[in-house]
Amino acid sequence: MDERRRWSMDFRRAIAELLSARTGLPADTLEASVEVPPQFELGDYAFPCFPLAKTLRKAPPAIAAELASKLAEGAPFLDRVQAVGGYLNFFLDRGVFVGTVVADALAAGPRIGATEEGAGKTVIVEFSSPNIAKPFHIGHAFTTILGQSVAKLYTHLGYPVVRMNHLGDYGTQFGKLIVAYGRWGDEAALLEAPIRELLRIYVKFHDEAKADLALETEARARFLALEEGNAPEMALWKRFRDLSLLEFARVYDRMGIAFDNYNGESYYSDRIPAVVDLLRAKGLLEESEGAQVVKLDEEGLPPCIVLKSDGATIYASRDIASALYRKETYGFYKNIYVVGTPQALHFRQVFAVLKKAGFAWADDCVHVGFGLVKFADRKLSTRAGEVIFLDELLAESVAKTREIIDRNAELRGTDMSEEERAEVAEKVGIGAVQYMFLRNGRDRDIVFSWEEMLDFDGETGPYAMYTYARGRSVLRKGALEGASAADATPEDLARMGGDDEAAVARLLYGFGDAVHRAVEANEPFLLTRQVAGIARAFNKFYNNESILSAPDAGLRRARIALTEAVCTALKTGLDLLGIAAVERM
RNA sequence: GGGCUCAUAGCUCAGCGGAUAGAGCAACGGCCUUCUAAGCCGUGGGUCGGGGGUUCGAUUCCCUCUGGGCUCACCA
């Protein structure tokens, strides 16, 4: 617990220790029940006395009143303690609180909320994992954006992170592509737009195969040849793979994503015989309906197929092989799979097989699922052509952003160059999309609508980015007059006693906690909400109070420091979500 | 049928067993000669799906019912 807010003072702990000294109860238990009241008017922290009623044989309000009088002159960081009903409400000294938080936030800088608790504990995050030769559509956006944020969050807490892109680069589909390319492939088109061309011939293959059954047979033969390492098939497969990766790289670059490892399914295929031997040696493998399976009745799960009845491998066997590989290679502390919830059962089976095979670390494997991206009335369907490519979505978002930038530039008479406008539009447009995927709990389905996706009002990516840019603008102006956040003395900072300043400080203070909760639940949206809260509180403060024209020099220095702290928190928060911030917009 | 998951404002969603259930969008009404109006302020809007139970206290935990979604052997 001490680790949690190491970047700043732990007021909750301090209150728990105060209570502990007066009641004789252990501070740890008390700390767990110290809560934050629903309204600020009720105080910064509260301690419900109801649970004490039984042991003390007194009414909760009486206990609260008694404790309040005892704690009245407790500590310098407290302004007052009030009994309200059965609650004991603690009001922190505004000056001490705001001053401490701002000073600590400035000292932490980009490492606000960061710790080293993960040092030496390698975390693997598998995410994105698109299929080679298939378009990168918005369904892949979810795992890509979510996974990136999860990886960054762990990194912030000191965990060494390995980002793995488990490419879908294996299977009979490649036999089909090889056949199709031989018959209808267009070299020039392939170079021009690889995935479009590969998709075209893939669709063509399926059309033709309806009339010509020999095509399927040939495809299987070609895939077999590929598996056996036949040179022509291998060369073609590698080419398709390389070209696809090149195209994916464009999207990854735009979103600032890089992987440590692109080992796809194909990489693990030759490790499967060893897996089969292992499972057989442990007596787990049995034949069922011609296939080799591991029964999981005791676990309450359906059997896991390891080898198909024709002896071929299947995704479960490849995932088992890859898990073993990861443990051997990285000795992971945690192995995270950012894959859609429809595959929840599959992962439960894979983990159960590993556990059954005697690998205790199976418990360190986690499936981080997420909902479907769909239209209001129907599912996304590649076959029906009812998909939205991520490229297309990003382009729309960037274009809309550019319009707003141009309009504002004219309105405000700013001097943004063509180059800067393009760069800002790119970052804001992409950030808007990324934010949409990290706004709510990941289990929820996302109903796609252009209208909502391109709405930049209210709690959105652009809102957070705008707030940052606004703060930076103030700081730039201050700097021109020679002012900087470092000028503020502790006495200056302690003078920020206003409601709006305190509200901002409270949200800043919760930053580290939000990062922790996000990591514990593998839920970046918990940080998204904190970032949004900080932005909202700062905008309110910004509208109500003047920063550069504060009533006096000391308060001005303090407010500049507060603004700097907010900017740092916003930039760091956005970065942990995988979103870039801009200095102007 | 089994498993998992969800049901909260017109819409999209938050709500760690606790105080008067909150945001954003949409609607309506205000605020730019002053630090970026992608902003701020205000108003209206709720049987927290239904019914039981546990508890001093349940939107939150348990059971049950209803209604969605996903999934249940050789695709991934």
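The structure presented is a predicted model; accordingly, all values stated were derived computationally and were not measured. Below, chains carry the letters A, B, ... as their sequence lines are ordered, and counting in each starts from 1.
By the 6.0 Å and 45° rule, Lys374(A) does not stack over the aromatic ring of Phe448(A).
Consecutive Watson-Crick or G-U pairs involving RNA chain B, each under 3.5 Å on both distances, make up stems of three or more pairs at B:1-7 with B:66-72, B:10-13 with B:22-25, B:27-31 with B:39-43, B:49-53 with B:61-65.
The residue among Pro342(A) and Pro51(A) whose nearest nucleotide of RNA chain B lies closer to the 5′ end is Pro51(A).
Within the nucleic acid shown, Tyr463(A) comes within 4.0 Å of sugar-phosphate atoms alone, with no base atom in reach, counting heavy atoms only. Residue Met585(A) is in base contact, counting any heavy-atom pair closer than 4.0 Å across all strands shown. If you check every strand for non-hydrogen atoms under 4.0 Å, Ser129(A) touches nothing. Using a 4.0 Å heavy-atom criterion, one finds that Glu545(A) contacts the bases of the nucleic acid, with or without backbone contacts as well. Base contact: Ile405(A) has a heavy atom under 4.0 Å from a base atom. Among the heavy atoms of the strands lying under 4.0 Å from Ala46(A) is at least one base atom, whether or not backbone atoms are also near. Base contact: Ala469(A) has a heavy atom under 4.0 Å from a base atom. Within the 4.0 angstrom heavy-atom criterion, base atoms lie near Pro37(A).
The aromatic ring centres of Phe91(A) and Phe40(A) sit 6.0 Å or more apart.
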All N/O donor-acceptor pairs, side-chain side in residues 168-178 of chain A, below 3.5 Å, sequence neighbours left out:
residue: Asp169(A); atom: OD1; partner: Glu265(A); partner atom: N; Å: 3.0
residue: Asp169(A); atom: OD1; partner: Ser266(A); partner atom: N; Å: 2.8
residue: Asp169(A); atom: OD1; partner: Ser266(A); partner atom: OG; Å: 3.3
residue: Asp169(A); atom: OD2; partner: Arg241(A); partner atom: NE; Å: 3.0
residue: Asp169(A); atom: OD2; partner: Ser266(A); partner atom: OG; Å: 2.8
residue: Tyr170(A); atom: OH; partner: Glu227(A); partner atom: OE2; Å: 2.4

Sequence neighbours left out, cut at 3.5 Å: what donor-acceptor pairs do the side chains of residues 522-533 of chain A make with other protein atoms?
residue: Asn522(A); atom: OD1; partner: Tyr154(A); partner atom: OH; Å: 2.8
residue: Glu523(A); atom: OE1; partner: Arg442(A); partner atom: N; Å: 3.2
residue: Glu523(A); atom: OE2; partner: Arg442(A); partner atom: N; Å: 3.3
residue: Thr528(A); atom: OG1; partner: Leu438(A); partner atom: O; Å: 2.6
residue: Thr528(A); atom: OG1; partner: Pro524(A); partner atom: O; Å: 3.3
residue: Gln530(A); atom: NE2; partner: Leu507(A); partner atom: O; Å: 2.7

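In the set A73(B), A19(B), C6(B), A73(B) carries the atom at the smallest distance from any side-chain atom of Glu289(A). Checking G18(B), A23(B), A76(B) against every side-chain atom of Arg536(A), the shortest atom distance belongs to A23(B). The side chain of Asn408(A) has A38(B) as its nearest neighbour among C35(B), C72(B), A38(B). Considering only side-chain atoms of Ser546(A), the nucleotide from C35(B), A14(B), A76(B) that sits closest is C35(B). The side chain of Arg439(A) approaches G24(B) more closely than any other nucleotide in the set G24(B), U12(B), C41(B). In the set U36(B), C70(B), G24(B), C70(B) carries the atom at the smallest distance from any side-chain atom of Leu372(A). For Gln39(A), taking side-chain heavy atoms from C-beta onward, the closest of the listed nucleotides C35(B), A73(B), G22(B) is G22(B). Set against A23(B), A38(B), G39(B), the side chain of Val428(A) has A38(B) as its closest nucleotide. For Glu459(A), taking side-chain heavy atoms from C-beta onward, the closest of the listed nucleotides C35(B), A73(B), G24(B) is G24(B).
Regarding contacts with the backbone of A38(B), a side-chain N or O of Arg412(A) is found under 4.0 angstrom from either OP1 or OP2. Arg444(A) has a side-chain polar atom (N or O) that falls below the 4.0 Å cut-off from OP1 or OP2 of A14(B). At A76(B), one or more side-chain N or O atoms of Arg318(A) fall inside 4.0 Å of OP1 or OP2 (strictly under the cut-off). For C41(B), the OP1/OP2 oxygens have a side-chain nitrogen or oxygen of Lys540(A) closer than 4.0 Å.
Note: CD (Glu287(A)) to P (A73(B)) measures 18 Å, nearest angstrom. The nearest whole Å value for the distance from the CD atom in Glu420(A) to the P atom in U36(B) is 14 Å. Phe347(A) places its CZ atom 19 Å from the P atom of C4(B), with the value rounded to the nearest Å. In this structure, Leu527(A) places its CG atom 16 Å from P of A14(B), rounding to the nearest Å. When the C1' atom of A38(B) is taken as reference, atom CG of Asn543(A) falls 13 Å away, rounded to whole Å. Atom CG in Asn440(A) sits about 14 Å away from atom C1' in G22(B), given to the nearest Å. Nucleotide A23(B) holds its P atom 16 Å from the CG atom of Asn539(A), rounded to whole Å.
Donor-acceptor pairing under 3.5 Å, judged by distance alone, is absent between the side chain of Asp457(A) and the base of A37(B). Judged by atom type and distance alone, Thr467(A) does not reach the base of A38(B) through any side-chain donor-acceptor pair under 3.5 Å. For Tyr466(A) against A38(B), no side-chain N or O and base N or O form a donor-acceptor pair under 3.5 Å.
The aromatic rings of His206(A) and Tyr202(A) stand perpendicular to each other, their planes meeting at an angle above 60°, with 30° marking the opposite boundary. Taking the six-membered ring where the residue is Trp, Tyr325(A) and Tyr268(A) present perpendicular rings, their angle passing 60° and hence far from 30°.
With sequence neighbours left out, Asp44(A) forms a side chain to side chain donor-acceptor pair (under 3.5 Å) with Arg506(A).
Under the 4.0 Å criterion applied to side-chain N and carboxylate O atoms, Arg559(A) and Glu501(A) are assigned as salt-bridge partners.
Using a 4.0 Å cut-off on heavy atoms, the residues of residues 472-485 of chain A that approach RNA chain B are Ser473(A), Val474(A), Lys477(A), listed by number.
Lacking a ring centre under 5.5 Å from that of the base six-membered ring together with a plane angle below 30°, Tyr542(A) does not count as stacked on G39(B).
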Determine, step by step, whether Phe11(A) and Phe90(A) satisfy the ring-ring contact (aromatic ring centres under 6.0 Å, His included) criterion, reporting the C-alpha distance in whole Å, the side-chain angles of both residues, the deciding distance to 0.1 Å, and the verdict. CA-CA 10 Å; Phe11(A) 291 102; Phe90(A) 295 83; over 10 Å; no

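For the 3.5 Å distance criterion, the side chains of Asn131(A) and His140(A) fail to qualify, holding no donor opposite an acceptor. Counting only N and O atoms by type, the side chains of Tyr468(A) and Glu583(A) include a donor and acceptor under 3.5 Å apart.
The side-chain hydrogen bond (donor to acceptor under 3.5 Å, both in side chains) analysis of residues 446-458 of chain A, with sequence neighbours excluded, yields no pairs.
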